[in-house]
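See below for the structure under consideration.
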2 protein chains.
Amino acid sequence: MKLENRKEEIIKTAAKLFKEKGYSAVTMRDIATAVGMKAASLYNHISSKQELLKIIIISLAEAFTQGMQEIKTSNISTKQKLEAVVKLHVDITAQNTFGMASLNNDWMHLEGERDYYLSLRSGYEADFRSILLEGIQRKEIADSSVEVMLFSILSTLRSLYLWIPKKEDVTPEDLSKSLSNVLINGINK
Amino acid sequence: MKLENRKEEIIKTAAKLFKEKGYSAVTMRDIATAVGMKAASLYNHISSKQELLKIIIISLAEAFTQGMQEIKTSNISTKQKLEAVVKLHVDITAQNTFGMASLNNDWMHLEGERDYYLSLRSGYEADFRSILLEGIQRKEIADSSVEVMLFSILSTLRSLYLWIPKKEDVTPEDLSKSLSNVLINGINK
DNA sequence: GCACCAAACTAACAGTTGTTAGTTTAATAC
DNA sequence: GTATTAAACTAACAACTGTTAGTTTGGTGC
């Protein structure tokens, strides 16, 4: 239906602007101009600026949670799980680099769903930590600090939204592979 | 002098609030309340909200640039240079986690110094890239994609401001060491 | 006690914010 | 051709924004 298309367009435009300037610095008039209408007309499609942020962030957070569920319940090696997590991040981010900026930088401006978002995020990190811990116990990966490994990998994956747009010639498959390689094997010879 | 102390206090308070909500979402009244005065009184110490952002970001960016100059001109191995870069990030970030949030997330709101900031940033990344390239040529590190290595390491180092405050029990020395280890050797057994 | 002055205050400004109310437009259904 | 309706519009709102002007306060040096 047409209304849904227009709403989708508004959400994508909002996400793009949120990435460039952050949620608070983007006005409804900015979004309206970018989409070719007046600010008041936006309200024929959405209920509030908050709704835009909520849709952008929560849908992405739930995609990560769902992806992680599938990985952690699959019967594969620790390294294969890590590669799958990398691929999950690369794929979701490649599809929506704008929204990922809001997920990373504007979640604190969520008003009704901040706690829900934070619970998804905590759960995700806990699952990730479990994968690493299991890998150490099974002697599949090095016995370094779990927290440092988790932080290092997750920081890199969470920054993909900044990097993918600058390397449009690299396919998600190639990126996943070389990234997995560097994260798992480091840069050592 | 007293005036400088008060100004320092305002800058630190502003940086703290900027980290929590982002530059645009923080009002001069927020800063004033947090520091115990009225918004108009802030202008006895600073000239504008922009000045606060400029001081916070530019001083940090210049510290990184200066640190990088010393590392790249030093006569040490590639791995030692990488360890020095890690230490540079850990030390600066540990001293000013609030300001690092602005450096990472609010530089686009700089009005007079954005281009200057971006030039410092580009120079820093170019120097970092050169260190990695030299390491590959000298066969001191693996011959993986320089861009992927650079992105991965820099993403981790730039996210330190989020992580260090949550691990106050870890000393900068220990963190630098374990982080260098994970970044250089990966998580492989 | 008086002059000086940094640093706080009150009051106000012009512009911007998200949002609402009410109206017009243009396409569709019958 | 008339009724309906989604989606645009204009106009306006109350609240909030960064900042300025002018005033008061309280301590220092003489």
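Computed from heavy atoms alone, side chains included, the values below leave out hydrogens, waters and symmetry copies. Letters A, B, ... are given to chains in the order of the sequence lines, protein chains preceding strands, and every chain is numbered from 1.
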Nearest-Å distance, NZ (A:K38) to P (D:dT10)? 5 Å
If you restrict it to nitrogen or oxygen atoms, what contacts under 3.5 Å exist between nucleotides 19-21 of chain D and the protein, and what is each distance?
residue	atom	partner	partner atom	Å
D:dT19	OP2	B:Y43	OH	2.6
D:dT19	OP2	B:K49	N	2.9
D:dT19	O5'	B:Y43	OH	3.2

In whole angstroms, the gap separating C1' of D:dC16 from CG of B:D30 amounts to 11 Å
What is the distance, to the nearest angstrom, from the CE atom on B:M37 to the P atom on C:dA6? 15 Å
Classify the side chain of A:N44 and the base of D:dA8 as holding, or not holding, a donor-acceptor pair under 3.5 Å. yes
Do you know which two heavy atoms are closest between B:N181 and A:S144, and how far apart they sit? ND2-OG, 3.6 Å
Would you compute the distance between atom CD1 of A:I57 and atom OG of A:S102 and round it to the nearest 0.5 angstrom? 5.5 Å
Ignoring backbone atoms, test whether B:R6 places a side-chain nitrogen or oxygen under 4.0 Å from the OP1 or OP2 oxygen of C:dA6. no
Short of 4.0 Å, heavy atom to strand atom, which residues of residues 103-116 of chain B count as contacting DNA chain D? none
Interatomic distance where CG belongs to A:L42 and C1' belongs to C:dT17 [whole Å]: 14 Å
Below the 4.0 Å mark, does D:dA7 have OP1 or OP2 next to a side-chain nitrogen or oxygen of A:S41? no
Answer yes if the ring centres of B:H89 and B:F128 are under 6.0 angstrom apart, and no otherwise. no
Do B:K79 and A:N188 have a side chain donor and acceptor closer than 3.5 Å? yes
Classify the nucleic acid contact of A:V26 as base, sugar-phosphate or nothing, counting any heavy atom under 4.0 Å across all strands shown. sugar-phosphate
Does C:dA6 have OP1 or OP2 under 4.0 Å away from a side-chain N or O of B:H45? no
Are B:K49 and B:Y23 in a cation-pi setup, meaning NZ or CZ lies under 6.0 angstrom from the ring centre and within 45 degrees of the ring axis? yes
State, with a plain yes or no, whether a side-chain heavy atom of A:T33 is found less than 4.5 Å away from one of A:K38. no
Using Watson-Crick and G-U wobble pairs with both distances under 3.5 Å, what is the 5'-to-3' dot-bracket string of DNA chain C, with [ ] for crossing pairs and | for pairs outside the strand? ||||||||||||||||||||||||||||||
Using the ring of each side chain (for Trp, its six-membered ring), is B:Y117 parallel, tilted or perpendicular to B:W107, with breaks at 30° and 60°? parallel
Short N-O contact, B:K87 and B:E173, less than 4.0 angstrom: no
Whole-Å distance between D:dA6 C1' and A:K7 NZ? 15 Å
Correct closest heavy-atom pair for A:Q50 and A:G112 would be OE1-N, 4.4 Å
Of the options B:I11, B:I10, B:I46, B:L60, which is the one that meets B:I55 in a side chain to side chain contact (heavy atoms under 4.5 Å, CB included)? B:I11
Note: A:L183 and A:T156 closest approach over all heavy atoms is CD2-OG1, 4.1 Å
